[in-house]
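Below: the structure, in structure tokens.
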Amino acid sequence: MSFLIKNGTIVTAVNEYIADILVKGEKIVAIGDGLDDRADKSVDATGMYVLPGGVDQHTHFALPFGGTLTRGFETSPAAAVGGTTTVVDFVPQPQGMGLVDSVTKHIEEQAEGKAAVDYAFHSVVMDVTDSLFDEIPKLAEEGIPTMKLFMAYKGTPYMVDDSTLFKALLAAKKAGVTIMVHAENGDLIDVLQKQCIAANQVEPKYHAVSRPPGVETEATIRALNIAGVAEAPIFIVHVSTKEAMWAIRQAYAAGQPVYGETCPHYLSLDVDNLSKPDFEGAKYVCSPALRTSDHREALWQAIQNGWLQVVGSDHCGFDWEEQKHMGRNDFTKIPNGAPGVENRLAVLWTYGVEEGKLSRQRLVDLYATSPAKFNGLFPRKGHIGIGADADLVLYDPKWKGIMTVEGSLQGVDYCSYEGMKQIGRPEKVYLRGKLIVDNGDFIGEKDQGIHLKGEPFGAAFNGTL
Ligand code: URP
Ligand code: ZN
Ligand code: ZN
């Protein structure tokens, strides 16, 4: 079966033009004019922007955190209606289990037959043993070219020390694996949290007090320095402060292969959300914490200028009533993370493109093309080009509405952006040539996603970035 997407404005990471896209089976086979004779049918995309399907490199489906678990892949249709056709999810490492086995188990138990979009993985280090580092080449062979280490969450299996980070960087470099880092100083946070609790400062707003910008900046600079000593590339996820962003920018300018991501919530929300009454502030407990508007504006500047390369959602489907309330009397017990896989493109479009802070090409790069490259999925994913998977979003820029939990597919009882305006929406979404969203509604199969294996070092280090 073939079809032609006609008269849309195609947006890529480098250009924008009106042309028709011929899809045959799962692939884009031609782009241009005069293709009508080669198609069985056509779809009119007049007035639409045709974007590559989004690649969200930062989702946490079925993440264990603070004694509870985020919603799993059964809620991944939310990604599709948000214009994301590929997610790269974090695989937790159960205690006593190796990294490769953790990945196999996670795929079998959590993802296979449950994903509505295509999926790839990052490995997460949570149980450090000497043999752990020997497993890194095998991880790369299994199509996992990225690993995340946490410098925060003291007292949980997540937090690693500097020597672990250093050893991981050395081993990863040899295997073509990119180390991703959650950069916050877990020791300082631990002291600050204990001070707050001792002073009976237990409400959600003290989450931000115990995680000030400096704890992120310090850890970011330390991670960059450790990577420098290891002479290894490093990727800092969910950057929220202007100082951390500047450190990444400066290190890159000085020739170090360092890269960074920020998230829609750091671009559109701020720290005041944590002070909402009646425990509503708990909805906004994520780490790093939300910041003041000066950080937000610096982050917009950074993504437009390429000082940060990716926007990932850091999607965590925790329910407010059922799960966030675990920290009703102690903010340190609120599970960290907020839902957002559904809203990533809409936030970037509404508060970036529509407000003149982001070009459409930069949006495409940040939400699809660069994450595909960093995760070794480019040019199959994140790209409109001949031979690429026909993952396409027909974005209607005239649609106007609000972001809300009503009708949300994220499977939780709140929306991080409740009541905020939204301009435009993915009207139709195709996954490998199959229409999975129509009129903004999910019409696909809940198990149609396939497992993707990433190439070592992605494309970030072979000259295409
Ligand atoms: O608050 C967050 N971000 N929770 C998810 C785990 C992580 O740190 O990415
Ligand atoms: Zn993190
Ligand atoms: Zn995360």
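Here the structure is a predicted model, which means the values were calculated and not measured. Note that ligands are numbered from 1 as they come in the structure, with each ligand's atoms numbered from 1 the same way.
Between Lys205 and Glu203 no salt bridge is recorded (no basic side-chain N to carboxylate O distance below 4.0 Å). Salt bridge annotation for Arg291-Glu243: absent, with no cationic side-chain nitrogen under 4.0 angstrom from a carboxylate oxygen. A salt bridge does not link Asp391 to Arg380: none of the charged side-chain nitrogens sits closer than 4.0 Å to a carboxylate oxygen.
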For residues 110-121, please give each side-chain donor-acceptor pair under 3.5 Å, one per line with the distance, not counting sequence neighbours.
{"from": "Lys114", "atom 1": "NZ", "to": "Glu109", "atom 2": "O", "distance (Å)": "2.7"}
{"from": "Asp118", "atom 1": "OD1", "to": "Arg432", "atom 2": "NE", "distance (Å)": "3.4"}
{"from": "Asp118", "atom 1": "OD1", "to": "Arg432", "atom 2": "NH2", "distance (Å)": "2.8"}
{"from": "Asp118", "atom 1": "OD1", "to": "Ile450", "atom 2": "N", "distance (Å)": "2.9"}
{"from": "Asp118", "atom 1": "OD2", "to": "Lys381", "atom 2": "NZ", "distance (Å)": "2.8"}
{"from": "Asp118", "atom 1": "OD2", "to": "Arg432", "atom 2": "NE", "distance (Å)": "2.8"}

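The Zn ion (ligand 3) has an N, O or S atom of His58 under 2.8 Å away, backbone or side chain.
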Identify all N/O pairs between ligand 1 and the protein with a separation under 3.5 Å and present them as a table of atom names and distances.
{"from": "ligand 1", "atom 1": "1 (O)", "to": "Ser287", "atom 2": "N", "distance (Å)": "2.7"}
{"from": "ligand 1", "atom 1": "1 (O)", "to": "Gly337", "atom 2": "N", "distance (Å)": "3.2"}
{"from": "ligand 1", "atom 1": "3 (N)", "to": "Ser287", "atom 2": "O", "distance (Å)": "2.9"}
{"from": "ligand 1", "atom 1": "3 (N)", "to": "Asp314", "atom 2": "OD2", "distance (Å)": "2.7"}
{"from": "ligand 1", "atom 1": "4 (N)", "to": "Asn336", "atom 2": "O", "distance (Å)": "3.0"}
{"from": "ligand 1", "atom 1": "8 (O)", "to": "Tyr153", "atom 2": "OH", "distance (Å)": "2.8"}
{"from": "ligand 1", "atom 1": "8 (O)", "to": "His182", "atom 2": "ND1", "distance (Å)": "2.9"}
{"from": "ligand 1", "atom 1": "9 (O)", "to": "His60", "atom 2": "NE2", "distance (Å)": "3.1"}
{"from": "ligand 1", "atom 1": "9 (O)", "to": "Lys148", "atom 2": "NZ", "distance (Å)": "2.9"}
{"from": "ligand 1", "atom 1": "9 (O)", "to": "Asp314", "atom 2": "OD1", "distance (Å)": "3.4"}

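Rounded to 10°, the angle formed at the Zn ion (ligand 2) by Lys148 NZ and His182 ND1 is 130°.
Here the N, O or S atom of Asp314 that is nearest to the Zn ion (ligand 3) is OD1.
With ring centers used as reference points, Tyr153 lies under 6.0 Å from His182.
Test Leu188, Asp187, Asn185 against Lys154 for side-chain contact (heavy atoms from CB on, under 4.5 Å) and you get one pass: Asp187.
Residues Met403 and Val347 form a side-chain contact, since some pair of their non-hydrogen atoms from C-beta on lies under 4.5 Å apart.
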